[in-house]
Asker: 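Mind having a look at this structure? Questions to follow.
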Amino acid sequence: MVTAFQQKVYDKLLEVPAGRVTTYRDLAHSLGINSSQAIGQALKRNPFAPRVPCHRVVSSNGSIGGYMGAVEGSPIAKKIDLLKKEGINIVDGKVVDFELQLFTFRT
DNA sequence: AGTCGCCACGAAG
DNA sequence: CTTCGTGGCGACT
């Protein structure tokens with residue numbers, strides 16, 4: 001079930017250009033809420049699995065999150081390499097200079 | 001329809 | 001590191 005809320009989350013995510021990352025908090029706040037958990041839950045349950053760059057979403061401190069740590073079998077680990085091609089370097093599960101790549105939805 | 005549990009988090013202690 | 005708060009969704013009742 002793709003609710004309007006989730007739809008907005010994915011739409012916002014697609015709004016993020018390659019080589020940039022966004023945070024759960026800013027993303028959530030842009031949706032009018034103040035909880036990133038809903039974002040994480042929506043991303044985890046994302047019905048648009050490969051269509052949504054979930055890996056492009058990070059925590060407020062630049063941490064990738066638990067999408068690969070929580071699910072060690074996640075195939076997105078390969079996408080991490082792709083992100084490096086986009087200019088996003090991932091080291092120790094963190095985005096290098098993530099704040100420099102940080103993309104906020106400040107409309 | 002109401003309630004409980006869940007979530008890849010954030011902030012505070 | 002640990003605990004509480006938060007906002008929404010899923011499932012059960």
Side-chain angles (χ1 to χ4, degrees):
Chain A
M1 178 62 185
V2 184
T3 61
F5 168 74
Q6 291 171 298
Q7 183 60 74
K8 289 187 294 186
V9 176
Y10 309 132
D11 184 68
K12 289 287 183 178
L13 203 44
L14 295 174
E15 189 175 318
V16 180
R20 298 290 164 80
V21 292
T22 189
T23 70
Y24 295 98
R25 202 177 51 145
D26 284 86
L27 182 57
H29 194 242
S30 68
L31 296 180
I33 61 178
N34 192 33
S35 62
S36 53
Q37 298 87 319
I39 307 298
Q41 192 176 42
L43 267 52
K44 177 200 169 199
R45 301 183 178 194
N46 78 13
F48 298 96
R51 314 175 198 177
V52 173
C54 323
H55 48 264
R56 204 174 281 170
V57 185
V58 297
S59 302
S60 60
N61 108 129
S63 305
I64 291 298
Y67 69 90
M68 71 172 158
V71 184
E72 303 175 2
S74 299
I76 67 167
K78 298 182 300 183
K79 296 184 178 180
I80 298 299
D81 183 70
L82 181 60
L83 289 178
K84 293 181 181 179
K85 297 176 184 176
E86 295 181 2
I88 302 177
N89 292 281
I90 310 299
V91 178
D92 191 60
K94 311 290 183 178
V95 178
V96 178
D97 297 307
F98 103 97
E99 52 185 41
L100 302 181
Q101 312 301 342
L102 184 58
F103 178 88
T104 47
F105 299 97
R106 298 179 188 174
T107 54

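Per chain, numbering begins at 1; letters A, B, ... match sequence-line order. Treat the numbers as computed from the prediction; the structure is a model and nothing was measured.
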Asker: Could you tell me the separation between the OG atom of A/Ser63 and the CG atom of A/Asp92, rounded to the nearest 0.5 Å?
Answerer: 9.0 Å
Asker: About how many Å separate CG of A/Leu43 and CG of A/Leu13, when rounded to the nearest 0.5 Å?
Answerer: 6.0 Å
Asker: Round to the nearest Å and state the distance from A/Ile64 atom CD1 to B/dG10 atom C1'.
Answerer: 17 Å
Asker: Going from NZ on A/Lys12 to CG on A/Asp26, what distance comes out if it is rounded to the nearest 0.5 angstrom?
Answerer: 11.0 Å
Asker: Could you summarise the pairing of DNA chain B as dot-bracket text, marking Watson-Crick and G-U pairs under 3.5 Å with ( ) or [ ] inside the strand and | across strands?
Answerer: |||||||.|||||
Asker: Figure out the CG/P separation between A/Leu13 and B/dA8, and round it to whole Å.
Answerer: 17 Å
Asker: What is the distance, to the nearest angstrom, from the OH atom on A/Tyr24 to the C1' atom on B/dA11?
Answerer: 17 Å
Asker: Could you state the CG-C1' distance from A/Asp26 to B/dC9, rounded to the nearest angstrom?
Answerer: 13 Å
Asker: Could I get the full list of side chain to side chain contact (heavy atoms under 4.5 Å, CB included) partners for A/Arg25, not counting sequence neighbours?
Answerer: A/Thr23, A/Ser60
Asker: Under the criterion side chain to side chain contact (heavy atoms under 4.5 Å, CB included), which of A/Ile88, A/Val57, A/Ile64 is the partner of A/Val21?
Answerer: A/Ile88
Asker: I want to confirm an ordering. Mapping A/Arg25 and A/Lys44 to their closest nucleotides on DNA chain B, which one lands closer to the 5' end?
Answerer: A/Lys44
Asker: Can you give one letter per nucleotide of nucleotides 5-11 of chain C, 5' to 3': B if a protein heavy atom sits under 4.0 Å from the base, S if only from the sugar-phosphate, - if neither?
Answerer: BBBBBS-
Asker: Using every non-hydrogen atom in the two residues, find where A/Ser59 and A/Phe98 come nearest and quote the distance to one decimal.
Answerer: O-CE1, 4.0 Å
Asker: Looking at A/Arg20, A/Lys79, A/Arg56, which one forms a salt bridge (charged side-chain N to carboxylate O under 4.0 Å, His left out) with A/Glu86?
Answerer: A/Arg56
